[in-house]
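Working notes, structure below.
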Amino acid sequence: MIKSFNSSAEKATSPLLLDIDWDTTLHIVDLIRQGDVNPKAAVQSLTSRLKDTNPNVVLLALQVFESVVKNCGQSVHEQVACRAVMEQVHEVLRTNPNEEVRKKILLLLSTWVYAFRNEAKYRAVQDTVNILKAEGHHLPTVSESDAMFTADRAPDWADGECCHRCRTQFTMLRRKHHCRACGQVFCGDCSSRSSTIPKFGIEREVRVCESCYDDINK
Ligand SMILES: O=P(O)(O)O[C@@H]1[C@H](O)[C@H](OP(=O)(O)O)[C@@H](O)[C@H](O)[C@H]1O
Ligand SMILES: [Zn+2]
Ligand SMILES: [Zn+2]
């Protein structure tokens, strides 16, 4: 699946893009959430794009970073909030002359340092922010809602041998599906609707179960 991930990462950070390709960005989120790609490999692939000489590619890579950190949960947080990645992000800030890139990096670090403020294992973010402040960088203040992604991120997917709603057993023909809003496993009939999920920052219509569809669109 890393091939499909890399082609999606290539597409989402193409220098030809004039705006964020949300479809591909959210497909990358799905691939990581579904466990179709190793989070470490995914983060390494995205980090490598931060060194691109084209500032648009770097900005798009930072946007994908923001989406995967926001929506893929702990498996990605562990890979991003570590010394090695923080040093690479710091290096980009030191060497990339593009003002938009520098602003986006400072905004991301401000969001992450707030969101991870109570998690000692992610202290590499706080350490990096302390260094940046000592170097005279001004980090923007982040609103609580911007950094609340660790509280309201999409839930990890549950597994099960029968539909969470109608209890029908899954078979070769009655396949499993997951609701992106509650993370539960459903049959096709109980998860035939799709919806955006604004509270998780999912702007594209994704598969949701009947009750989550009603909750979101009531
Ligand atoms: O169709 P399969 O080969 O069984 O694979 C299932 C699909 O990938 C489902 O995607 P979907 O939720 O978008 O349908 C996913 O939710 C299930 O976990 C997978 O088992
Ligand atoms: Zn069902
Ligand atoms: Zn649901």
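The basis for the numbers below is simple: all heavy atoms, side chains too, and nothing from hydrogens, waters or symmetry mates. The first residue of the sequence shown is numbered 1, and numbering continues consecutively from there. One-based numbering, in listed order, for ligands and for the atoms of each. Remember, it's a predicted structure, so these values are computed and weren't measured experimentally.
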Take the Zn ion (ligand 2) as the vertex and measure to SG of Cys163 and SG of Cys190; round to 10°. 110°
Need one value: angle at the Zn ion (ligand 2), Cys187 atom SG versus Cys166 atom SG, rounded to 10 degrees.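 The angle at the Zn ion (ligand 2) comes to 110°, rounded to the nearest 10°.
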Evaluate the ring planes of Trp157 and His178, with Trp represented by its six-membered ring, and classify them as parallel (under 30°), tilted (30 to 60°) or perpendicular (over 60°). parallel
With a cut-off of 2.8 Å, does any N, O or S atom of His164 fall short of it relative to the Zn ion (ligand 2)? no
Could you tell me whether a side-chain N or O of Arg193 sits under 3.5 Å from a main-chain N or O of Tyr213, the two making a donor and an acceptor? no
Test applied, ring-ring contact (aromatic ring centres under 6.0 Å, His included); reference residue, His77; option that passes from Trp112, Phe65, Phe116: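 One option only clears the test, and that one is Phe116.
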Taking [atom] as the reference point, the nearest protein heavy atom with its distance:
| atom | value |
| --- | --- |
| atom 7 (C) of ligand 1 | Lys176 O, 4.2 Å |
| atom 4 (O) of ligand 1 | Arg175 NH2, 3.0 Å |
| atom 13 (O) of ligand 1 | Arg180 NH2, 3.0 Å |
| atom 8 (O) of ligand 1 | Gln34 NE2, 4.5 Å |

Report, in ascending order of atom number, the atoms of ligand 1 lying under 4.0 Å from any heavy atom of His177. 11 (P), 12 (O), 14 (O), 16 (O)
Contacting atoms of ligand 1, where contact means under 4.0 angstrom from a heavy atom of Trp157: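 Result: 16 (O).
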Within reach of ligand 1, part of Arg33 (heavy-atom separation under 4.0 Å): neither
With a 4.0 Å heavy-atom cut-off (strictly under), which part of His178 contacts ligand 1: side chain, backbone, both or neither? both
Under 4.0 Å between a Lys/Arg side-chain N and an Asp/Glu carboxylate O for Glu161 and Lys176? yes
Strictly below 4.0 Å, N to O, side chains only: are Asp214 and Lys218 in salt-bridge contact?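 Answer for the salt bridge query: no.
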Looking only at side chains, do [X] and [Y] share a donor and an acceptor under 3.5 Å apart?
| X | Y | answer |
| --- | --- | --- |
| Glu135 | His90 | yes |
| Glu10 | Asn6 | no |
| Arg207 | Ser194 | no |

Answer yes or no for atom 2 (P) of ligand 1: protein heavy atom present at a distance under 4.0 Å?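 Yes, at least one protein heavy atom sits under 4.0 Å from atom 2 (P) of ligand 1.
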So what does the Cys182 SG - the Zn ion (ligand 3) - Cys179 SG angle come to, to 10°?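 Approximately 100° at the metal, rounded to tens of degrees.
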Under 3.5 Å between any N/O of Arg207 and any N/O of ligand 1: does that happen in this structure?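 Right, the criterion is met.
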Are Arg165 and Phe186 in a cation-pi contact, defined as NZ or CZ under 6.0 Å from the six-membered ring centre and within 45° of the axis? no
